[in-house]
Amino acid sequence: QVQLAESGGGSVQTGGSLTLSCVISGYAYSTYWMAWFRQGPGKDREIVAAVYTGTGASYYADSVKGRFAISQDTVKDNTRYLQMNSLRPNDTAMYYCAARPPNGGGRWYSPEIYNWWGQGTQVAVSS
């Protein structure tokens, strides 16, 4: 059974930084899609960023480009990080890690294409 576990959320002030981590377990292969979504109070779930581990190619929502970055753990192949810099109050949300196998269609930013989801980690940014 594939499981995802996020960690690293917390509370920061505007302009601060946080690093979220996502660990995938129970998946036998090194190639998959991993994405970060977020859902703020009263808002729909929205894409933040995604990475295709086969090539390392990463994709970002316009709202976070230049501020957020996905990276891989240098030792643990099953761990990815979302480095979040220059945080703003409207980044406040529950952040979810999601993953899916490499095959299949759909857009990287669509939540419905992801098979597995973590429980989420809360990020709060105060002004």
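Just so we're clear, the structure is a prediction, and the values are computed from it rather than from any experiment. Position 1 is the first residue of the sequence, and the numbers go up from there.
- Within a 6.0 Å sphere centred on CZ of Arg45, heavy atoms belonging to other residues, nucleotides or ligands number more than 12.
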Give the table of side-chain donor-acceptor pairs shorter than 3.5 Å for residues 111-119, with sequence neighbours excluded, one pair per line with atom names and distance.
unit_1	atom_1	unit_2	atom_2	d
Tyr114	OH	Trp108	O	2.6
Trp117	NE1	Tyr114	O	3.3

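- By the rule that hydrophobic residues join a cluster once side-chain heavy atoms approach within less than 4.5 Å of another member, Tyr59 and Ile70 end up as members of separate clusters.
- Residue Arg38 holds its CZ atom at 12.0 Å from CD of Gln122, rounded to the nearest 0.5 Å.
- For Ala61, the side chain to side chain contact (heavy atoms under 4.5 Å, CB included) partners two or more places apart in sequence, or in a different chain, are Ile47, Ser63, Val64.
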Donor-acceptor contacts under 3.5 Å from residues 13-24 side chains, at least two apart:
unit_1	atom_1	unit_2	atom_2	d
Thr14	OG1	Ser126	O	2.9
Ser17	OG	Asn85	OD1	3.0
Thr19	OG1	Gln83	OE1	2.4
Ser21	OG	Ser7	OG	2.6

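- Proximity of a side-chain donor or acceptor of Glu6 to a complementary backbone N or O of Thr121 within less than 3.5 Å is not detected.
- Atom OH of residue Tyr95 and atom CH2 of residue Trp36 lie 10.5 Å apart, to the nearest 0.5 angstrom.
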List the atom pairs, donor and acceptor, that lie under 3.5 Å between side-chain atoms in residues 49-56 and the rest of the protein, sequence neighbours left out.
unit_1	atom_1	unit_2	atom_2	d
Thr53	OG1	Ser30	O	2.8
Thr53	OG1	Tyr32	N	2.8
Thr53	OG1	Tyr32	O	3.1
Thr55	OG1	Ala57	N	3.2

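- Ala69 approaches Tyr60 most closely through the heavy-atom pair CA-OH, 3.3 Å.
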Side chain to side chain contact (heavy atoms under 4.5 Å, CB included) between Thr79 and Gln72, worked out = CA-CA 6 Å; Thr79 302; Gln72 179 180 346; over 6 Å; no
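- Applying the disulfide bond (SG atoms under 2.5 Å apart) test to pairs two or more places apart or on separate chains, none has a residue in residues 29-85.
- The side-chain hydrogen bond (donor to acceptor under 3.5 Å, both in side chains) search around Tyr96 returns none, not counting sequence neighbours.
- Cluster partners of Tyr81 are absent, since no Ile, Leu, Val, Met, Phe, Trp or Tyr has side-chain heavy atoms less than 4.5 Å from it.
- For the atom pair CE (Met34) and CG (Leu82), the distance works out to 11.0 Å, reported to the nearest 0.5 Å.
- Evaluation of the side-chain hydrogen bond (donor to acceptor under 3.5 Å, both in side chains) rule for Arg67 yields Asp91 as partners, not counting sequence neighbours.
- Every pair tested for salt bridge (charged side-chain N to carboxylate O under 4.0 Å, His left out) that includes a residue from residues 75-88 fails, sequence neighbours excluded, so the list is empty.
- Asp62 meets the side-chain hydrogen bond (donor to acceptor under 3.5 Å, both in side chains) test with Lys65; sequence neighbours excluded.
- When the shell of 6.0 Å around CG of Asn90 is examined, it contains more than 12 heavy atoms from other residues, nucleotides or ligands.
- Distance CZ/Arg100 to CH2/Trp33: 8.0 Å, rounded to 0.5 Å.
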